[in-house]
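These values consider heavy atoms only, across backbone and side chains, with no hydrogens, waters or symmetry-generated copies. Convention: sequence-line order gives letters A, B, ...; per-chain numbering from 1.
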There are 2 protein chains.
Amino acid sequence: MSTMTTTSPQGRTELLRPDGSPVRVLVVDDELSITELLSMALRYEGWQIRSAGDGTGALQTAREFRPDAVVLDMMLPDMDGLTVLGRLRRELPDVPVLFLTAKDAVEDRIAGLTAGGDDYVTKPFSLEEVVARLRGLIRRSGAADRRSDSVLVVGDLTLDEDSHEVSRAGEGIHLTATEFELLRFLMRNPRRVLSKAQILDRVWSYDFGGQANVVELYISYLRRKIDAGREPMIHTRRGAGYLIKPAVS
Amino acid sequence: MSTMTTTSPQGRTELLRPDGSPVRVLVVDDELSITELLSMALRYEGWQIRSAGDGTGALQTAREFRPDAVVLDMMLPDMDGLTVLGRLRRELPDVPVLFLTAKDAVEDRIAGLTAGGDDYVTKPFSLEEVVARLRGLIRRSGAADRRSDSVLVVGDLTLDEDSHEVSRAGEGIHLTATEFELLRFLMRNPRRVLSKAQILDRVWSYDFGGQANVVELYISYLRRKIDAGREPMIHTRRGAGYLIKPAVS
DNA sequence: CGGCAACCTGTGATTTCCCTGAGAAACGCA
DNA sequence: TGCGTTTCTCAGGGAAATCACAGGTTGCCG
């Protein structure tokens with residue numbers, strides 16, 4: 001299954017299948033709150049979503065829904081994640097799978113699985129992370145030359161989603177994991193005011209219960225690394241949120 | 001559900017469904033004064049409104065009314081806002097929801113809500129804010145390429161609701177939150193006299209108890225930023241109110 | 001032309017929101 | 001285990017926004 005991308009007026013790119021229909025994703029998890037959260041977020045990406053609560057349901061849905069990617073929790077009530085994966089593969093040999101695992105799961109079992117081009121995230125995850133990895137999987141499973149989209153550009157600032165490299169005006173910048181995800185979210189929505197609540201919901205894990213001012217703190221970190229001594233690209237809209245835009249404008 | 005826009009003779013744009021019928025919005029709040037206030041304001045937008053006072057009523061009404069958007073108070077007598085949301089989602093998976101929350105409500109109760117494209121406003125709100133956010137939700141839930149109407153234009157003055165950017169004759173202008181909302185209200189009603197009472201009811205929170213001359217004050221601020229040294233666009237109709245119109249005409 | 005009502009705007013008090021330093025806790029890696 | 005890095009809390013400082021107040025200005029009417 002190959003994919004293409006289109007760009008909306010705002011510069012936000014969306015994944016589409018070759019025939020122009022939306023990408024299809026199957027979400028499998030036994031916790032209803034998780035499937036709902038993921039379904040909501042992925043639908044907002046413009047994708048078509050189905051969900052299942054156990055292995056049997058997953059296989060059944062997969063057969064008739066024919067998804068382009070699957071999000072699969074390793075812990076299911078009726079069968080082991082590996083069993084589901086095996087049977088899924090018999091039905092849909094080429095569909096990439098994004099595994100959801102508990103943080104303390106045996107890492108090497110997962111590591112073996114991802115060798116086939118699949119990927120995984122640990123619970124609790126951030127939606128940015130899930131969406132980014134899914135986009136990566138879908139892109140790579142399709143036309144190979146689509147890799148170039150993995151680079152986001154705003155003004156003289158670039159961010160590579162594959163290599164995690166960030167540079168401004170050609171100069172490389174080192175970011176921590178959280179800084180990177182925050183910047184990616186901003187750059188995927190350039191010239192658009194994003195509220196602190198939106199940023200928190202998207203960049204931080206769904207179980208984060210801390211102070212909302214972490215967002216301010218990380219914006220401050222980003223500014224120090226990206227805007228330091230240069231024309232600022234990250235702007236505060238007091239009472240509304242933050243936005244990023246090219247320096248010149 | 002996709003939507004389209006038309007422009008009325010007054011230059012006022014309205015949201016419509018593809019078949020030309022008005023947008024439908026369900027308002028859910030246990031305080032009658034709030035549902036009445038909102039119903040009145042939203043009907044004035046040309047939308048079709050139903051309201052409910054509790055979760056049970058909301059679900060019942062939603063089933064037969066099939067709204068395009070829902071305004072939902074988090075505090076309901078019979079069930080928790082999140083419970084209502086869950087059941088609502090099972091009935092109408094794609095309907096966007098605008099939550100009403102108390103200002104001092106624990107932040108984590110709204111965590112995750114904006115991730116799916118939903119949004120929220122805190123009580124006490126201004127009607128401009130509710131209407132603007134609802135329009136945004138409805139626009140985005142429909143055809144994705146409808147984003148471009150987020151820009152209001154009157155003469156050489158433009159206001160972008162997404163980026164919160166305002167410019168006159170190409171020159172960027174910085175506005176505070178209140179100035180922005182006031183200008184948006186004026187620009188959404190060009191060439192139309194708006195009384196101070198109307199402006200106060202619309203742009204300021206419904207519990208505002210201050211002096212009515214804040215409107216004069218903020219009009220004065222706006223003039224300083226928008227009309228300064230140029231042909232004025234904001235005009236006073238003594239004894240009646242204010243209006244905005246293109247400079248030339 | 002005088003007087004009044006409506007409107008404009010300078011000043012400053014108060015509040016709200018945002019930024020950032022310091023340090024504690026958690027994490028990751030050798 | 002130990003050490004450097006990263007994440008996050010807390011709190012103080014500071015800037016911006018909001019608004020009340022009051023004196024000045026404008027336009028209207030008799």
Side-chain angles (χ1 to χ4, degrees), chain A residues 102-105 107-108 111 122-126 128-129 164 166 173-183 193-197 199-200 203-228 232 234-243, chain B residues 103-104 106-108 111 122 124-126 128-129 164 166 173-183 193-200 203-205 207-228 232 234-243:
Chain A
K103 184 134 210 164
D104 51 359
E107 293 274 330
D108 43 274
T122 57
K123 287 184 180 181
F125 47 77
S126 78
E128 257 306 282
E129 201 181 345
H164 278 220
V166 174
I173 295 172
H174 169 79
L175 297 185
T176 70
T178 308
E179 290 164 357
F180 180 82
E181 287 213 348
L182 171 56
L183 182 59
V193 176
L194 301 167
S195 72
K196 276 184 274 194
I199 294 174
L200 211 53
V203 175
W204 269 260
S205 312
Y206 55 79
D207 72 339
F208 180 80
Q211 308 299 322
N213 88 325
V214 277
V215 177
E216 298 169 19
L217 186 62
Y218 272 86
I219 288 283
S220 158
Y221 290 158
L222 271 188
R223 281 181 168 144
R224 217 170 289 172
K225 295 183 175 179
I226 285 169
D227 287 345
I234 299 173
H235 304 267
T236 303
R237 286 280 168 275
R238 207 154 211 273
Y242 300 95
L243 84 157
Chain B
K103 179 134 203 170
D104 52 357
V106 210
E107 293 265 336
D108 53 40
T122 56
F125 47 76
S126 79
E128 248 324 83
E129 201 181 344
H164 282 216
V166 174
I173 296 172
H174 171 80
L175 297 186
T176 72
T178 308
E179 290 164 358
F180 181 82
E181 288 215 346
L182 171 56
L183 181 60
V193 176
L194 302 165
S195 73
K196 276 186 275 194
Q198 268 180 303
I199 294 174
L200 209 53
V203 176
W204 270 260
S205 312
D207 73 338
F208 179 79
Q211 307 298 324
N213 86 325
V214 276
V215 176
E216 297 170 18
L217 186 59
Y218 272 86
I219 287 284
S220 156
Y221 290 158
L222 272 188
R223 281 181 168 143
R224 208 171 298 169
K225 294 183 176 179
I226 286 169
D227 287 345
I234 299 173
H235 305 269
T236 304
R237 286 282 169 275
R238 204 158 221 269
Y242 301 94
L243 84 159

*Could you encode protein contacts along nucleotides 23-30 of chain D as a string, one character per nucleotide from 5' to 3', using B for base contact, S for sugar-phosphate-only contact and - for no contact, with a heavy-atom cut-off of under 4.0 Å?*
---BB---

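- Straight-line distance from the CG atom of A/L175 to the C1' atom of D/dT5: 14 Å, rounded to whole Å.
- Atom OG1 of B/T236 is separated from atom CD1 of B/I219 by 7.0 Å, given to the nearest 0.5 angstrom.
- In the 5' to 3' direction, nucleotides of DNA chain C lying under 4.0 Å from heavy atoms of chain B begin and end at C/dA5 to C/dC17.
- The CD atom of A/E129 sits 12 Å away from the P atom of D/dT7 (whole-angstrom rounding).
- Of the possible donor and acceptor atoms, one in the side chain of A/D227 sits under 3.5 Å from a partner among the backbone N and O of A/I234.
- Here CD of B/E181 is found 8.5 Å from NE2 of B/H164. Values are rounded to the nearest 0.5 Å.
- Using a 4.0 Å heavy-atom distance criterion, A/F180 is classed as making no nucleic acid contact.
- Within the 3.5 Å criterion, the main-chain N or O of A/F208 finds no donor-acceptor partner in the side chain of A/S205.
- Side-chain nitrogen and oxygen atoms of B/T176 include at least one within less than 4.0 Å of the OP1 or OP2 phosphate oxygen of D/dT18.
- Here the side chain of A/E179 pairs a donor or acceptor atom with the backbone of A/T176 at under 3.5 angstrom.
- Between atom CD of residue B/E128 and atom CZ of residue B/F180 there is a gap of 9.5 Å, rounded to the nearest 0.5 Å.
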Each nucleotide N or O in nucleotides 8-12 of chain D that has a protein N or O under 3.5 Å away: list the pair and distance.
residue	atom	partner	partner atom	Å
D/dC8	OP2	A/W204	NE1	2.8
D/dC8	N4	A/Y221	OH	2.8
D/dT9	OP1	A/Q211	N	3.3
D/dT9	OP2	A/Q211	N	3.4
D/dA11	N6	A/N213	ND2	3.3

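- By the 30° and 60° cut-offs, the orientation of the rings of A/F125 relative to A/Y206 is perpendicular.
- Using the six-membered ring where Trp is involved, B/Y218 and B/Y221 have ring planes that are perpendicular, over 60° apart on the 30 and 60° scheme.
- A donor and an acceptor atom, one from each side chain of B/R237 and B/S195, are nowhere located under 3.5 Å apart.
- A/K196 places no side-chain N or O within 3.5 Å of a backbone atom of A/N213 that could act as its donor or acceptor partner.
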